[in-house]
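See below for the structure under consideration.
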Amino acid sequence: MTDTQRLVLRMEADGRFELIEWPRPGGGTLNTLLKAIGCRSVDAVGISDDLTMWLDDEGIVTGLPVNMGATALYAAHKPPHQTYHGTVVITGGTDRHGDTLPLTTDQITEIIEFHCAAGESFIPRQRDRRGM
């Protein structure tokens, strides 16, 4: 990750995860979330002061599968009061203007290590750029 990259973590209910680019403030953060999660409406769940989980606001109602990785990540920070469903996006906290921040390199490393150690992950194969 370079200093100019702004990344967040997308976690699917089946354990797959990927880093996605996070736009600068005013650069379409809502559209990025809607596309990454595949929904019409998002909800923010505060995991800690510097971690936010974004998910489909209708995920439980529409019967999306439980995202055990997201539920475990939440439970590692505070007592869980429910399970979380469908694809989620994990971002940083907010800046002094209220804009959602990307994850730091340390946060990305810690979340991925936790996710892999919890046995909830599926690490995608690297793409061979020659075949693209």
Side-chain angles (χ1 to χ4, degrees):
M1 184 166 116
T2 66
D3 290 337
T4 58
Q5 285 182 304
R6 298 170 49 88
L7 300 172
V8 298
L9 188 65
R10 179 179 176 270
M11 297 169 54
E12 296 180 27
D14 67 2
R16 295 173 194 259
F17 64 89
E18 68 177 327
L19 293 172
I20 60 172
E21 277 195 60
W22 187 246
R24 298 208 176 273
T29 55
L30 179 58
N31 286 334
T32 299
L33 288 167
L34 295 173
K35 182 179 176 185
I37 296 169
C39 63
R40 298 180 304 169
S41 163
V42 296
D43 194 12
V45 176
I47 295 175
S48 68
D49 288 342
D50 59 350
L51 286 179
T52 304
M53 177 170 51
W54 299 86
L55 51 111
D56 185 336
D57 189 42
E58 300 172 333
I60 292 175
V61 176
T62 59
L64 292 178
V66 173
N67 187 321
M68 295 305 294
T71 302
L73 180 62
Y74 183 91
H77 290 84
K78 51 177 84 167
H81 57 280
Q82 70 177 65
T83 54
Y84 296 101
H85 297 250
T87 300
V88 303
V89 171
I90 308 296
T91 64
T94 56
D95 65 15
R96 68 178 199 262
H97 304 290
D99 294 314
T100 302
L101 297 169
L103 296 169
T104 66
T105 303
D106 288 343
Q107 287 172 317
I108 291 169
T109 302
E110 288 174 19
I111 294 168
I112 290 174
E113 285 177 354
F114 173 82
H115 194 56
C116 290
E120 303 297 342
S121 66
F122 173 83
I123 302 171
R125 292 182 305 176
Q126 294 297 313
R127 295 185 185 130
D128 184 348
R129 292 208 174 265
R130 292 174 287 169
M132 295 180 136

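With contacts defined as side-chain heavy-atom distances shorter than 4.5 Å, the pair Pro102/Leu7 does not qualify. A 4.5 Å side-chain heavy-atom check between Met68 and Thr83 finds every atom pair outside the cut-off. Between Leu103 and Leu51 the shortest side-chain heavy-atom distance falls below 4.5 Å.
With hydrogens and angles disregarded, no donor-acceptor distance shorter than 3.5 Å links the side chain of Glu110 to the backbone of Gln107. The backbone N or O of Leu30 sits nowhere less than 3.5 Å from a side-chain atom of Lys35 that would complete a donor-acceptor pair. Side-chain atoms of Asn67 come within 3.5 Å of backbone atoms of Gly86 as a donor-acceptor pair (strictly under, hydrogens ignored). In this structure a side-chain-to-backbone donor-acceptor pair under 3.5 Å is missing from Arg6 to Glu21. For Glu113 (side chain) and Ile108 (main-chain N/O), no donor-acceptor pair under 3.5 Å exists by modelled atom type.
Ring-centre distance between His81 and Tyr74: below the 6.0 Å cut-off.
Separating the OG1 atom in Thr104 from the CG atom in Asp106 is a distance of 5.0 Å, to the nearest 0.5 Å. Rounding to the nearest 0.5 Å gives a distance of 4.5 Å between CD1 of Ile60 and NE2 of His85. Atoms CD1 and CD1, from Ile90 and Ile112 in turn, are 11.5 Å apart once rounded to the nearest 0.5 Å. Distance check, rounded to the nearest 0.5 Å: CG of Asp99 to CG of Leu101 gives 7.5 Å. For the atom pair CD (Glu58) and SG (Cys39), the distance works out to 8.0 Å, reported to the nearest 0.5 Å.
Defined by atom type and a distance below 3.5 Å, a donor-acceptor pair is present between the side-chain atoms of Thr91 and Trp54. Checking Asp50 against Ser48 by side-chain atom types alone, a donor-acceptor pair falls below 3.5 Å.
Between Glu12 and Arg10 there is a salt bridge, since at least one side-chain N of the basic residue sits less than 4.0 Å from a carboxylate O of the acidic one.
Surrounding CG of Asp49 are at most 12 heavy atoms belonging to other residues, nucleotides or ligands under 6.0 Å away.
Between Arg24 and Thr29, the shortest heavy-atom contact is O-CG2, 4.5 Å. Nearest approach of Thr87 to Ala36, heavy atoms of both residues: CG2-O, 3.7 Å. Residues Gly92 and Thr52 approach most closely at O-OG1, 3.3 Å, considering heavy atoms. Here the closest non-hydrogen pair linking Met11 and Ala70 is CE-N, 3.6 Å.
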* Trace of the side-chain contact (heavy atoms from CB on, under 4.5 Å) decision for Val88 with Leu9 -> CA-CA 8 Å; Val88 303; Leu9 188 65; over 6 Å; no

message = Pair Phe17, Ile111 - check side-chain contact (heavy atoms from CB on, under 4.5 Å), show working.
response = CA-CA 11 Å; Phe17 64 89; Ile111 294 168; over 6 Å; no

Between Val66 and Tyr84, does the side-chain contact (heavy atoms from CB on, under 4.5 Å) criterion hold? Intermediate values first, please. CA-CA 6 Å; Val66 173; Tyr84 296 101; over 6 Å; no

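Connection of Leu73 to Met53 is established within a shared hydrophobic cluster, with ILVMFWY side chains joined at heavy-atom distances below 4.5 Å, either directly or through further cluster members. Taking hydrophobic clusters as Ile, Leu, Val, Met, Phe, Trp and Tyr residues chained together by side-chain heavy-atom distances below 4.5 Å, Leu19 does not share a cluster with Trp22. Criterion: ILVMFWY side-chain heavy atoms under 4.5 Å apart, direct or through other members. Under it, Leu55 and Leu33 are not part of a common hydrophobic cluster.
Here the options are Asp43, Ile37, Val42, the test is side chain to side chain contact (heavy atoms under 4.5 Å, CB included), and the partner is Asp57; only Asp43 passes.
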